[in-house]
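Counting from 1, the numbers follow the sequence of the chain as shown. All ligand and atom numbering here is 1-based and tracks the order in the structure.
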Amino acid sequence: MKTASFRFYEELNDFLPEKKHKKSFSYRFSGSPSVKDAIEAIGVPHSEVDLILVNGESVTFSHHLSEKDNVSVYPVFESLDISPVNRLRENPLRDTRFILDVHLGKLAKYLRMAGFDTLYERHYSDSEIVDISRNEKRIILTRDVGILKYKTVTHGYWIRSQDPVEQFREVIRHFDLYNQFQPFQRCMHCNGVIEKASKSQVIQHLKPKTRQYYNDFYRCARCNKIYWKGSHVKRMQELMNSIEKDK
Ligand SMILES: [Zn+2]
């Protein structure tokens with residue numbers, strides 16, 4: 001058996017048992033596995049990793065481990081400038097689109113409310129999610145670490161919180177999306193694009209009080225759901241404002 005020393009930084013520690021948090025530990029291996037395989041064997045999905053240094057030099061996932069290698073592993077930190085070293089991905093996904101696993105229905109609504117193109121269907125299987133992510137360049141958000149271990153996953157994030165509002169905050173913070181809110185762009189129910197609609201176009205579908213008090217309307221081009229800036233919108237706006245203050 002050979003031994004290498006590993007240290008994981010920042011939120012990558014969430015995948016490790018407490019005794020390995022934020023310190024170097026020994027990893028025993030035989031042969032010459034890729035550093036990617038070693039990282040996943042330790043329990044960290046490769047899609048969460050953005051930078052690997054071996055003995056101080058940046059390497060790619062396919063680098064083969066050698067006896068006594070000193071390995072530092074950093075998470076995806078799009079907002080930091082690490083340009084002099086070798087990032088594992090050529091480009092972060094700047095046109096931020098998501099696909100969510102089946103446990104994240106409420107988070108899907110929040111993200112759509114904020115205008116992000118967000119796919120979510122209760123019937124998606126793990127492999128469907130992985131395929132759609134690759135074909136449509138969508139970031140996978142999941143509570144299930146297993147999905148992120150598929151070889152073909154390049155952009156994924158494991159959601160830590162179990163509370164939907166906290167999950168929303170977490171995503172906005174992690175991907176630095178504070179300046180990308182565009183409310184009234186996406187239908188919360190079907191992810192369709194919503195468009196302005198005149199009152200006369202929607203009036204026959206409105207309840208009497210809505211007819212009386214509101215004049216600006218939007219309609220989903222896909223499922224025809226009608227939106228207006230009522231009290232629920234005000235609450236959502238307050239939520240988004242509170243998240244902007246987290247900056
Ligand atoms: Zn819709």
Side-chain angles (χ1 to χ4, degrees), residues 93-144 147 155-157 159 161-175 177-244:
L93 291 179
R94 274 302 168 203
D95 179 17
T96 314
R97 291 184 288 182
F98 298 105
I99 181 163
L100 273 53
D101 84 23
V102 295
H103 307 291
L104 296 172
K106 285 191 175 152
L107 175 60
K109 290 195 171 178
Y110 284 120
L111 288 168
R112 289 169 179 171
M113 166 194 92
F116 297 104
D117 182 348
T118 303
L119 288 191
Y120 166 81
E121 295 285 349
R122 227 169 289 180
H123 60 75
Y124 282 156
S125 67
D126 286 4
S127 61
E128 273 178 293
I129 289 175
V130 170
D131 286 348
I132 295 170
S133 153
R134 193 183 47 202
N135 294 336
E136 301 186 12
K137 295 196 164 42
R138 291 177 179 275
I139 298 168
I140 298 175
L141 301 180
T142 182
R143 287 277 306 148
D144 169 13
I147 293 184
H155 291 77
Y157 174 72
I159 300 278
S161 176
Q162 302 198 35
D163 171 71
V165 171
E166 271 313 303
Q167 291 171 344
F168 182 52
R169 278 180 199 278
E170 199 181 317
V171 172
I172 300 304
R173 196 185 308 129
H174 183 79
F175 293 98
L177 300 175
Y178 296 102
N179 299 321
Q180 295 188 36
F181 289 157
Q182 288 186 296
F184 291 100
Q185 296 279 321
R186 291 275 159 187
C187 175
M188 282 172 55
H189 294 269
C190 78
N191 196 44
V193 173
I194 62 176
E195 296 163 342
K196 272 206 154 243
S198 69
K199 194 168 185 174
S200 62
Q201 284 174 310
V202 299
I203 197 158
Q204 81 252 35
H205 305 294
L206 303 177
K207 290 184 176 150
K209 283 208 166 153
T210 314
R211 251 182 233 192
Q212 191 180 343
Y213 292 114
Y214 296 97
N215 292 307
D216 294 327
F217 295 92
Y218 302 81
R219 188 163 55 185
C220 174
R222 185 184 289 165
C223 76
N224 282 326
K225 189 173 164 58
I226 298 163
Y227 290 88
W228 60 92
K229 295 184 174 175
S231 56
H232 60 296
V233 171
K234 203 167 157 233
R235 282 199 301 277
M236 288 171 193
Q237 196 65 54
E238 281 164 6
L239 170 62
M240 290 201 285
N241 291 346
S242 80
I243 288 173
E244 285 196 62

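Salt-bridge annotation for R143 and D101: absent, with no side-chain N of the basic residue lying under 4.0 Å from a carboxylate O of the acidic one.
Note on ring orientation: taking the six-membered ring where Trp is involved, the planes of Y214 and W228 are tilted (angle from 30° to 60°). Between Y227 and H189, the ring planes lie tilted relative to each other; the angle falls in the 30° to 60° range.
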Requested in this report: Go through D216 and K229 one step at a time and tell me if the side chain to side chain contact (heavy atoms under 4.5 Å, CB included) criterion holds.
Outcome: CA-CA 7 Å; D216 294 327; K229 295 184 174 175; 5.8 Å; no

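Protein N/O/S atoms closer than 2.8 Å to the Zn ion (ligand 1), listed by chain and residue number, are C187 SG, C190 SG, C220 SG, C223 SG.
Checking Y157 against E170 by side-chain atom types alone, a donor-acceptor pair falls below 3.5 Å.
Atom CG of N224 has more than 12 heavy atoms from other residues, nucleotides or ligands within 6.0 Å.
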